[in-house]
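Below is one structure, written out as structure tokens; the observations come after it.
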Amino acid sequence: QPQLVESGGGLVQPGGSLTLSCAASGFTLENYAIGWFRQAPGKEREGVSCISSSGLSSNYAGFVKGRFAISRDNAKNMVYLRMSSLTPEDTAIYFCAAEAFGTTAMCVPPYPEYDYRGQGTQVTVSS
């Protein structure tokens with residue numbers, strides 16, 4: 001059964017850091033653009049950061065402001081999102097999604113239909 005599984009979320013104090021992981025199983029990521037998205041209660045889904053299948057191009061939402069870094073290891077079938085200088089406004093469920101032969105444009109609304117998406121991991125930033 002092909003799936004994406006996120007991990008690495010949790011409770012962190014403002015100014016802290018977390019690294020989220022997105023693990024693919026049942027299929028290989030190398031032909032997929034991958035995006036990290038988030039959704040807070042009562043708010044619309046937001047594209048956070050996306051990376052091309054090769055890893056050579058990526059983009060970030062304006063609210064990231066240099067605080068996050070996306071990376072991927074196709075050999076390990078993994079994608080990561082390193083988050084630093086977290087604020088309470090970053091509190092949300094974060095999930096990863098894959099689009100076959102997609103581009104980093106998958107982070108920009110209107111969002112495409114994902115081929116796969118994970119269930120998400122909760123990130124809570126609070127003192």
Side-chain angles (χ1 to χ4, degrees):
Q1 183 79 0
Q3 61 178 348
L4 293 172
V5 178
E6 303 89 345
S7 61
L11 173 64
V12 62
Q13 292 188 338
S17 299
L18 284 174
T19 297
L20 306 184
S21 299
C22 173
S25 61
F27 71 106
T28 57
L29 283 178
E30 62 182 356
N31 291 323
Y32 291 80
I34 304 296
W36 283 99
F37 301 82
R38 72 184 190 184
Q39 189 159 18
K43 293 189 176 181
E44 295 288 321
R45 173 182 35 164
E46 297 179 296
V48 177
S49 179
C50 288
I51 189 167
S52 63
S53 58
S54 66
L56 294 179
S57 64
S58 60
N59 64 7
Y60 297 89
F63 58 76
V64 170
K65 297 179 182 178
R67 301 179 297 133
F68 297 178
I70 192 170
S71 62
R72 65 189 296 159
D73 186 338
N74 285 344
K76 295 183 178 179
N77 241 15
M78 297 286 294
V79 178
Y80 307 95
L81 184 68
R82 169 73 177 172
M83 306 186 296
S84 59
S85 301
L86 287 163
T87 73
E89 289 68 37
D90 294 315
T91 295
I93 294 175
Y94 286 71
F95 68 91
C96 58
E99 184 188 21
F101 305 105
T103 71
T104 55
M106 70 179 289
C107 257
V108 181
Y111 303 116
E113 291 292 324
Y114 311 128
D115 291 282
Y116 305 106
R117 65 159 287 178
Q119 292 297 310
T121 184
Q122 176 70 48
V123 172
T124 302
V125 185
S126 175
S127 55

Is there a path of hydrophobic side-chain contacts, each under 4.5 Å between heavy atoms, that joins [X] and [Y]?
{"X": "Phe63", "Y": "Val123", "answer": "yes"}
{"X": "Leu86", "Y": "Ile93", "answer": "no"}
{"X": "Tyr116", "Y": "Tyr80", "answer": "no"}

Intermediate values then yes/no, side-chain contact (heavy atoms from CB on, under 4.5 Å), Thr124 and Val12: CA-CA 6 Å; Thr124 302; Val12 62; over 6 Å; no

For residues 5-31, the side chain to side chain donor-acceptor pair (under 3.5 Å) pairs (sequence neighbours left out) are Thr19-Arg82

Which pairs count as side chain to side chain donor-acceptor pair (under 3.5 Å) when at least one residue sits in residues 103-114, sequence neighbours excluded? Arg45-Tyr114

So how far is it from [X] [atom1] to [Y] [atom2], rounded to the nearest 0.5 Å?
{"X": "Cys96", "Y": "Phe37", "atom1": "SG", "atom2": "CZ", "answer": "9.5 Å"}
{"X": "Cys22", "Y": "Trp36", "atom1": "SG", "atom2": "CH2", "answer": "5.0 Å"}
{"X": "Ser54", "Y": "Asn74", "atom1": "OG", "atom2": "CG", "answer": "8.5 Å"}
{"X": "Met83", "Y": "Arg38", "atom1": "CE", "atom2": "CZ", "answer": "9.0 Å"}

Could you go step by step and tell me if Asn77 and Phe27 meet the side-chain contact (heavy atoms from CB on, under 4.5 Å) rule? CA-CA 9 Å; Asn77 241 15; Phe27 71 106; 5.9 Å; no

Side chains of Val79 and Leu29: closer than 4.5 Å at any heavy-atom pair? yes

Counting C-beta onward and ignoring hydrogens, is there a side-chain heavy-atom pair between Leu4 and Gln119 closer than 4.5 Å? no

Quick check on side chain to side chain contact (heavy atoms under 4.5 Å, CB included): which of Glu99, Met78, Arg72 does Ile34 satisfy it with? Arg72

Qualifying residue, where the test is side chain to side chain contact (heavy atoms under 4.5 Å, CB included) with Ile70 and the options are Val48, Leu81, Leu20: Leu81

Check the pair Thr121, Phe95 against side-chain contact (heavy atoms from CB on, under 4.5 Å), reporting the backbone distance first and the verdict last. CA-CA 6 Å; Thr121 184; Phe95 68 91; over 6 Å; no

How about Gln39: does its CD atom have over 12 heavy atoms from other parts shown lying under 6.0 Å from it? yes

Should Tyr32 and Met106 be marked as a side-chain contact (heavy atoms from CB on, under 4.5 Å) after you check the CA-CA gap, both sets of side-chain angles, and the distance that decides it? CA-CA 11 Å; Tyr32 291 80; Met106 70 179 289; over 6 Å; no

Distance-minimising heavy-atom pair for Pro14 and Ser127: CD-N, 3.7 Å

Minimum heavy-atom separation for Ala61 to Gly47, with atom names? CB-O, 3.2 Å

Do Phe68 and Tyr60 make the cut of ring centroids closer than 6.0 angstrom? no

Judged by atom type as modelled, is there a donor-acceptor pair below 3.5 Å linking the side chain of Ser49 to the main-chain atoms of Asn59? yes

Strictly distance-based, threshold 3.5 Å: is any side-chain N or O of Arg67 a donor or acceptor partner for the main-chain N or O of Ser85? yes

